[in-house]
Structures are given as structure tokens and as C-alpha cells.
Chemist: 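The following block contains the structure, expressed as C-alpha cells.
A note on names: the letters A, B, ... follow the listed sequences, proteins ahead of strands, and every chain is numbered from 1. Atom set for the values below is all heavy atoms of this structure, side chains included, hydrogens, waters and symmetry mates excluded.
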Number of protein chains: 2
Amino acid sequence: MARGSTRPTSRDVAQAAGVSQAAVSLVLGDKWRGRVSEPTAQRVRDAARRLGYRPNLAARNLRLGRTRTVLLVVPALTTEFFAEVYTGAARVAAQHGFGVVLYPSPEGVGPARDPFASAQAALDGVIASSMAADALTAIRGDQLPLVMLDSDPEGSLGAATVNLDITDGIRQVAEHLLALGHRRFLHLAADVPSWTFEIRARALAARLADTPGTTLRTARAPISVDGALAATETALAAPGPRPTALVCDDDKLAVGAYKAARRAGLRVPDDLSVTGLDDLGLATAIDPELTTVRLDAELFGERGMRALLAVMEGRTPEEGDIPVHLVVRGSTAPPPHD
Amino acid sequence: MARGSTRPTSRDVAQAAGVSQAAVSLVLGDKWRGRVSEPTAQRVRDAARRLGYRPNLAARNLRLGRTRTVLLVVPALTTEFFAEVYTGAARVAAQHGFGVVLYPSPEGVGPARDPFASAQAALDGVIASSMAADALTAIRGDQLPLVMLDSDPEGSLGAATVNLDITDGIRQVAEHLLALGHRRFLHLAADVPSWTFEIRARALAARLADTPGTTLRTARAPISVDGALAATETALAAPGPRPTALVCDDDKLAVGAYKAARRAGLRVPDDLSVTGLDDLGLATAIDPELTTVRLDAELFGERGMRALLAVMEGRTPEEGDIPVHLVVRGSTAPPPHD
DNA sequence: CCCATCAAGTTTTACGTATAACGTGCTCCG
DNA sequence: CGGAGCACGTTATACGTAAAACTTGATGGG
């Protein structure tokens, strides 16, 4: 007889079905083969449904010593990129009976401070992107299984890493622009201390160093349309021959670059070719549509979760960076004649 | 003496400090005034820090019968809108010692099926947006405190609701366009069965009905750039006088409308005025910048969480819709002369 | 001087679950 | 016909925490 106000427990179900609480646990946990007869099992299932029984997860977690919950630490949710990473991770997690709790760094893009304080959840593991070393060591000290997304393989304190092959993406961008005939490059770099942006700069510089006669200048901007607008405007007004190709660290910066070009009276792509990186919905919303590097954010999240599952089970995570590929659209063209 | 492999418990701390487990619980729970001496309390705190003790949340949740965790059910994370709702809700939640678990409907925009199956978490309450009635009754049956976002006040089964004043937003749009001189309207409506879209149509029709000489046609599209492009193209090619003002249910649809206009050889805003609704980052990324209705998504999330806190504490949630306001940019202008 | 009060703890219990360990009859084989 | 084994359960216990109920020794007021 249920008391009505509080949620039914397995004991309530047991009483309703005329069996012991242990029998209920066995039947509902699918561990009853050869231990409970089929008719009895059916009685239990009926009673559970009738009472609307759902197991108390806190009790189960305590008993089993695990929570089937993992934390995803992301820099922010200001674009759909990390939302998609979450979606991918959550899908794989759900397939394995796990839930994902999201922790977007309150400071926005940049290092996360204390991912545990506000994540009011007991955790079995952590997937972290762009995290500061101190928070990282805190997690390591907790002995929690950890997977890092897009992080320096050397500096991640031995944690497993899953990376997008950004280096190759930038190389493809450079290759494309060089083939079009560009020689004077401007790099619009995100002013954020993060491995994933560092390697963009390195990859671009490395590829251009292989082709004599090329020049590379760099402008830095915070990741915002207005920041990119200002930085690009300044860079375009600098003395000397104007760059003909503008390589942006991500799509959002490219939007700012479009605006700066327009203000400077330059047409994209006739006077200035622009490239992005991410392939957000933004890329096809603007005119001309943006030539950019497609990052499969959902796959990124999936791979991250899969790697975490591997770590938690003591297996070795899948190796290899996630391939990315250039999507050529209308924002790149041969450079103008002098 | 810690066993090294497993996480320290309050009992380990007790042993290290030479007190009972109860004393540890009292001290660390800040309930020790007049029950434990200051020196002893200090010993406990030191031991806890030394061992790196963090309480087992599963055990705490079981003991206290609450989890300080709530679920946020959203249609999808394909735009930054619900990401911001989450951010706002999570911030308020953190201030009150709550965590927020996200449940993006796997079906994308539209009704959510079973929010509990994959949310591997014990919950104290639910905030739900655009949810199907069946899942809603499931939650109600669970007796969980519930707050609905942007839902029909009549049809929410008595749950508390927090709504944006969309009706007023559309009214402002209509007012603006009418003042510019527009009389022939096209409504690009989201083809999604949801209260929040229904009231857009009603509000627009209601306002135009008040001004004689106006006409209103409606095109329906799924919420995607391509869908909006196709629907708008068809609508613009229809016989009869062409509409001069295109009111879109959200910003994403407006992007598709821009593309359709461009393909039809129409200039925005000279030949066709376009409005959106949301004021996503998208709105200022496109050219011309979009006249739209600014929705404060973070505030929406905050209000939702605050309302849920009120419901959980047996208080009455704050009344009143959240005001929205028109942001006039470059996509609207007086209609062309015949 | 004796009981009430109080500080400073300790002992015990309950939360709901999963499962190891422990009964019961009954069947069936040697 | 005796007991080994099986089918079908039950009883008991542990997970780690919070807090109610209890203990103990000292103090102090009437």
C-alpha cells in the first residue's frame, strides 16, 4: 500500500507483488534467470509498472560505487561547435548507459577554474577541452579517468587525448591559396592561449616557409566579430603591399574580416580572399559563402566519449587524429593583378 | 591510514583526526557550533584537506533524499539560443548549490520522447521547453517540480510557466513595418508544432487585422536555411502582387529568406524588407544586418531556474512575461513604389 | 549538596539498492 | 531410500553520509 506522497521504492513493489525486495531487484535487474520463476517475475514487473516504480539512482550509485555520469568541460557555448561536441558525446554515452553533465567555463573561452564546485554530480570520468593545468592536476589528483580534447599531447599529464587534425586543415588551406596564386598572407589569429590555436600558427608558418617568395603577417584578435573587425581593419591599413589572402583562425573571426574588408572598400574574394575554420552554420549564411575547414564536432565528441569509455575500462583508446577537410566556397579566388 | 587506491571517506578522515565519523560530518557540514570544540574542528579540517577528502555525493543524496540537480529539457542545441538558456539557468543554479543536466531532444526541434532514460541522474526538478504532452504527463506522474518554458499556459497541466513576451515582439515588428508604409506581408512560419510559433502567427494576424488594407500570406518551412530558402522562393514566385515585407519566425529562417531574395534578383531592404526573431550572432553577421527581436535567452534561463527554485520551495514563482524588444537594423526600409 | 544544564563529543540509525549467503521443498539417480 | 542437486526464493549486509538520540564529565545555582 503506497503512502501516496513519496516515490515508491523497490520494497513497495515487493510488497505489492508479494515477494521480497531482493526478488524485485533481481527481476528488474535482469539477473533472475534460474532464480525466479517466470510467473513471479511477471507479477513483479506488473507491480512495478502499476506503481510507476523507478529506481532511486542515488541508492544504486552508492551501492555500485559508480554513477554512469561523466563531466564534459568546455570553454563556452557561444557557438554551436561545443554544443555539437556535447551532442556527439551524449549520444555515445547514452548508448552505453551513461549521462553527460556539461560544465561550460564561466570565464568563457579560456581556462576553467573549478569544474567540480558547480557540477553537482558524482562522476565516473571527465572529458575536458582547453583546460588550465591547475584544474587538470586537481582532476588527476582525484584519480578520475580523463580524456583531453585538442590539447598538447606532451602537456596533458599523461591523460589520453583526442585531437582534430588542425595542422592538416591549415595545410590544406595554405595549399589551396598557394595554388590560386596567393603569395602575401595575413593570419588573423585568435588571441587565446590554447594549444589548438598555437598549432594553427605553426602549421601556416611551416607550410609557407616551404614556398619561397611568400610573406606572412599576423594580427591578433579576441574571438568575437567586433574584435576581428578592429584587428583586421588595423592590419589592412598597415603600410606596405596589402596581403591578398586572409587566413582566419575560425569562422567567427572571418565574419569580422568580411566587415573590415567591406569598410575598406575591398571586395571578397576579388580583392581579398578569406578563409575560416570550423564550418559553422555561419559559413553559409554570409555572402559570399565562406571557404573554410570542416570540423566534425559531433564526431569529435563521440571520439572523446569513446576514448573515455576505453580509459574507464582499462583499454587503450583509439589512436589517430580526426581528419578534417577543406570546403571551397565563394570567398577565395585568384589574387588581383598588381 | 588510507588504503591508497580508493577515495577517502569521512571515516578515513575521522580516523586520521582521531574523532568519530559523526564529528567529521558535523564539522564539514558547518553544523558544529557548540557541538565540537574549535581545536578539534581544526584537526578535522586539516585531516580532510590532507587526505583530499571530497564527500561521496551518491551517499549524501541518498541520505538527504535530494540531489540538488535539475534537468533542462530543450529541443536542440543547433543555435546558440538554448545554449544561452542553459548558461543562464546553470548560473542561477550554481548560486543555490544546484547543478543542471542538459537533455537535448534527440529528435531535434520538436517533442522530446523520454527525457529520463538517458539523463542518468537523480533529479529534484525539471525545466522543460517545447515538450510533448506525453512526456509532460510522465513527469507530472513523477510528482517532480516542473517549470515549462514558452508553453501554452492552459495546456501545461498546471505546471508553472515562464514565457517570453513573443506576442509583444511580433506586435513591435508589425508596428515598425506598418509605420514604414508596408501593406503586403508574407509570414515565413516555422513548420513546427509548438506554442511559441503558434502565437507568432496569431499575434501577426491580430495586429494586421486592426489595419485595413493590409494583406497577409503565410509560407511554412522547417527551421533550416535551406528549408527557408525553398519556401521563400516558392512564395515569392506566386502570382499576384509581391509582398514587400517578410516576417520570419526566427533569424535562421531570415538567412534563407535573404538567399531567396538574392536569387530572385531582389535587394534587401530596397525591394523586400525582412525581419527575424531571436537576435542571434547571425543577425549581425549577414549583410545587411537583420532587423529582429532581441530575446534575452540567458535571462530566460535564469527566470526558468528561479521559478523552479520557487516551486521546489513551495513558493509562488514570479509572474509576468519577459519583455523583448525590436532591434532595427538594415534589413527594413520603406516599400518600393509600384 | 544535588540536580539541571551544558559542552563536547560518540553511538546508532536510516536512506534504497544490489548481491552474497543462506534456506526450503522437490525430484531423481544410484 | 538417502542425499545431491535444483528451482525458487528469502535474509542479511554493505555502500558513505547526516542527524537524532545518547553518554560523559564538568559547572553552577538554589
Chemist: For Arg66(A) and dA14(D), give me the distance from atom CZ to atom P, rounded to whole Å.
Modeler: 20 Å
Chemist: When the distance from CD of Gln21(A) to C1' of dA18(C) is rounded to whole Å, what number comes out?
Modeler: 8 Å
Chemist: Roughly how many Å is it from CZ in Arg11(B) to P in dT12(C), rounded to a whole number?
Modeler: 12 Å
Chemist: Pair Val85(B), Glu298(B) - check side chain to side chain contact (heavy atoms under 4.5 Å, CB included), show working.
Modeler: CA-CA 5 Å; Val85(B) 171; Glu298(B) 282 201 27; over 6 Å; no
Chemist: Starting at atom CG of Leu62(A), determine the distance to atom C1' of dA18(C), rounded to an integer number of angstrom.
Modeler: 11 Å
Chemist: Could you tell me whether Ser20(A) contacts a base, only the sugar-phosphate backbone, or nothing, with contacts defined as non-hydrogen atoms closer than 4.0 Å?
Modeler: base
Chemist: Between dT17(D), dT19(C), dA19(D), spot the one nearest the side chain of Ala22(A), thanks.
Modeler: dT19(C)
Chemist: Touch check for Ser25(B), heavy atoms < 4.0 angstrom, all strands: base, sugar-phosphate only, or nothing?
Modeler: base
Chemist: Students often get this wrong, so: under 4.0 angstrom with heavy atoms, is Val24(A) touching a base, only sugar-phosphate, or nothing?
Modeler: nothing
Chemist: Any side-chain N or O of Thr40(B) below 4.0 angstrom from OP1/OP2 of dG9(C)?
Modeler: yes
Chemist: What is the distance from CZ of Arg63(A) to C1' of dA14(D), rounded to the nearest Å?
Modeler: 6 Å
Chemist: By nearest heavy atom, map Leu64(B) and Val36(B) onto DNA chain C; which one lands nearer the 5' end?
Modeler: Val36(B)
Chemist: Hey, is Arg45(B) close enough to Glu38(B) for a salt bridge, meaning N to O under 4.0 Å?
Modeler: yes
Chemist: Which part of the nucleic acid, if any, lies within reach of Arg35(A) when heavy atoms closer than 4.0 Å are counted: base, sugar-phosphate only, or nothing?
Modeler: base
Chemist: Any side-chain N or O of Ser10(A) under 4.0 Å from OP1/OP2 of dG16(C)?
Modeler: no
Chemist: Within this structure, what is the OH-to-P distance between Tyr53(A) and dA18(C), rounded to whole angstrom?
Modeler: 6 Å
Chemist: In this structure, how many angstroms lie between the C1' atom of dA18(C) and the CG atom of Asp30(A), rounded?
Modeler: 14 Å
Chemist: Are Asp46(B) and Arg49(B) ion-paired here, with the side-chain N under 4.0 Å from a carboxylate O?
Modeler: yes
Chemist: Show the atom names and distances, to 0.1 Å, of all donor-acceptor pairs under 3.5 Å that link a side chain in residues 313-320 of chain A to residues at least two apart or in another chain.
Modeler:
residue: Glu313(A); atom: OE1; partner: Arg315(A); partner atom: NE; Å: 2.9
residue: Glu313(A); atom: OE1; partner: Arg315(A); partner atom: NH2; Å: 3.0

Chemist: Could you give the CG-to-C1' distance, from Leu57(A) to dC15(D), as a whole number of Å?
Modeler: 15 Å
Chemist: Return no unless some side-chain N or O of Ser37(B) is found under 4.0 Å from OP1 or OP2 of dG9(C).
Modeler: yes
Chemist: A side-chain contact here means heavy atoms from C-beta on lying under 4.5 Å apart; do Phe98(B) and Thr67(B) qualify?
Modeler: no
